[in-house]
Engineer: 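The structure's right below; bear with me while I get my questions together.
Computed from a predicted structure; not experimentally measured. So that the names make sense, note that chain A is the first sequence line, chain B the second, and so on, each numbered from 1.
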2 protein chains.
Amino acid sequence: MASRSPQKKKRPPIRESVYEHLKAEILSGHLDPGRKLTEEHLAKTLGVSRTPIREALYKLDSEGLIKPRNKRGFIVSGDSRDEVEELFELRSILEGYALRVISQTISEEILGQLKGFIQNAEEALKKNKIEEVFKWNTQFHDSLHELIIKKARLYRLIVNIRKYVLRYRKDTLRYPDGGRRSVEDHKKILMALRLRDPDLCERIMREHIQEAREDALLSLFEKPSGFK
Amino acid sequence: MASRSPQKKKRPPIRESVYEHLKAEILSGHLDPGRKLTEEHLAKTLGVSRTPIREALYKLDSEGLIKPRNKRGFIVSGDSRDEVEELFELRSILEGYALRVISQTISEEILGQLKGFIQNAEEALKKNKIEEVFKWNTQFHDSLHELIIKKARLYRLIVNIRKYVLRYRKDTLRYPDGGRRSVEDHKKILMALRLRDPDLCERIMREHIQEAREDALLSLFEKPSGFK
DNA sequence: TTATAAAAAATTGGATACAAAATGGCTTCC
DNA sequence: GGAAGCCATTTTGTATCCAATTTTTTATAA
């Protein structure tokens with residue numbers, strides 16, 4: 001144990017920093033859809049060589065965040081209405097099934113935690129603190145996801161998609177009634193979990209996410225004025 | 001018209017050939033799980049530079065077919081029992097939902113085609129031509145998948161996972177009754193589609209794939225003798 | 001002015017070169 | 001004999017270089 005260095009002196013590879021950076025830029029909306037990404041430009045901007053840039057771009061491509069244009073670099077994927085719809089649809093399938101599984105194993109303790117998150121969100125709602133509502137709602141979902149971490153692929157899929165659509169959800173809550181309905185849904189989910197009824201759980205979660213989908217589509221594609 | 005070349009003289013990139021090659025090797029079982037893959041060795045073996053090798057390896061990693069070992073290259077992912085179970089579980093979720101969607105839009109013409117595939121499989125079954133049964137069963141599923149090609153992400157997910165587990169399915173049919181049961185299931189699926197009952201469709205497809213899962217697990221982890 | 005074609009510029013794909021990190025074996029000391 | 005430390009080897013990570021391809025620009029002619 002003398003030779004084992006106590007602290008890990010591993011620098012993360014540059015390609016990963018680049019990947020995280022670009023991903024954050026895209027998901028935050030800082031890089032608009034349609035934006036052209038060329039290897040050399042990125043390399044110069046970020047001060048690294050093209051090699052790690054390329055590897056990051058390929059990874060982003062495989063996740064669908066950017067699209068290759070034959071030999072003309074990449075562009076940031078636009079979110080067409082259809083694509084957004086499909087993302088929410090996928091979420092509803094996967095998280096619906098996840099809740100079915102969870103309903104069969106969840107403990108009283110976790111149920112209590114979930115109840116707490118809902119109450120917190122409800123209080124924040126009364127005070128009209130939208131950010132807080134969002135925070136507690138996120139906590140609610142994250143806690144559920146943790147319960148299926150053993151199903152690694154399902155978990156990864158859900159978390160990835162969720163990250164991807166997160167940017168749409170914040171707006172959603174701002175819509176009149178959006179926050180309240182969201183909290184109501186979570187109550188229903190909790191109830192279904194308490195009943196430990198797998199079919200009901202799956203159906204309710206699907207409905208919940210489909211509802212979020214409608215709100216997201218509304219806020220995305222039917223903005224009153226200056227969009228994009 | 002002089003400048004426009006009549007035939008596309010696009011060579012596919014080497015990284016894709018490498019990717020396809022390695023993927024095939026892994027899925028066919030030619031590369032055993034646990035096998036070590038180093039960039040340089042692969043480069044020398046395949047006669048290309050490390051660059052396309054790396055890009056292929058990263059892609060395989062993102063699909064879970066190989067795993068990075070800190071700084072010690074990659075190894076071919078083993079399929080633990082849990083992982084195989086989860087793959088089939090995911091398939092059952094996704095394809096179940098896909099069938100639900102399909103049931104609402106499928107045409108009489110396609111229904112006729114599906115019926116044909118089933119009959120072909122049935123005849124092959126009578127003649128004990130396992131390869132043929134497998135072929136027609138695959139055709140049956142592929143035809144269904146084509147119907148959701150518009151939902152690009154769902155389609156890609158399904159096709160990818162299906163490719164991944166394909167290697168287990170061939171064995172499955174060899175099991176006594178495996179082929180017959182499979183064809184019976186397809187008949188049930190067709191019936192549910194004819195009824196255009198979304199709930200029934202989803203449930204039946206899930207059951208069908210869960211059944212295939214059981215067979216695969218049996219053939220994988222309870223082989224009578226010399227395995228691996 | 002417009003269309004066409006050739007040349008120039010930009011950009012990716014692949015190969016190679018070099019540096020850093022990790023492992024494995026070897027030596028040495030107790 | 002065993003353990004600790006050091007050196008050589010292996011292998012990845014990044015940069016740079018060259019070739020191929022595509023786009024854009026420019027020049028020329030109708």
Engineer: Does the side chain of B:L27 reach to within under 4.5 Å of the side chain of B:L65, using non-hydrogen atoms?
Structural biologist: yes
Engineer: Can the ring centres of B:H21 and B:H30 be said to be less than 6.0 Å apart?
Structural biologist: no
Engineer: Taking the six-membered ring of A:F88, is the NZ or CZ of B:R153 close enough (under 6.0 Å from the centre) and on axis enough (within 45°)?
Structural biologist: no
Engineer: Going 5' to 3' along nucleotides 6-15 of chain D, which nucleotides have protein heavy atoms under 4.0 Å from the base (write B), which only from the sugar-phosphate (write S), and which from neither (write -)?
Structural biologist: -----SBBBB
Engineer: For a quick check under 3.5 Å, do B:Y19 and B:R15 share a side-chain donor-acceptor pair by atom type?
Structural biologist: no
Engineer: We want to know whether A:H208 and A:E95 form a side-chain donor-acceptor pair, criterion being a heavy-atom distance below 3.5 angstrom.
Structural biologist: no
Engineer: Mind listing the side-chain donor-acceptor pairs of residues 96-104 of chain A below 3.5 Å, one per line with the distance, residues two or more places apart or on another chain?
Structural biologist:
| from | atom 1 | to | atom 2 | distance (Å) |
| --- | --- | --- | --- | --- |
| A:Y97 | OH | B:E89 | OE2 | 2.7 |
| A:R100 | NE | A:E202 | OE1 | 2.5 |
| A:R100 | NH2 | A:D199 | OD1 | 2.6 |
| A:R100 | NH2 | A:E202 | OE1 | 2.9 |
| A:S103 | OG | A:R100 | O | 2.7 |

Engineer: Any non-hydrogen side-chain atom of B:R156 less than 4.5 Å from a side-chain atom of B:V159?
Structural biologist: no
Engineer: For the helix from C:dT1-D:dA30 to C:dC30-D:dG1, what angle lies between the axis at the first five pairs and the axis at the last five pairs, to 10 degrees?
Structural biologist: 10°
Engineer: Between P on C:dA15 and CD1 on B:I53, what's the gap in Å once rounded to a whole number?
Structural biologist: 9 Å
Engineer: Using only atom types and a distance under 3.5 Å, with no angle test, would you say the side chain of B:E86 pairs donor to acceptor with the backbone of A:A152?
Structural biologist: yes
Engineer: Once you round it to whole Å, what is the distance between C1' of C:dG13 and NZ of B:K59?
Structural biologist: 15 Å
Engineer: What is the distance, rounded to the nearest whole Å, between atom CG of A:L57 and atom C1' of C:dG13?
Structural biologist: 14 Å
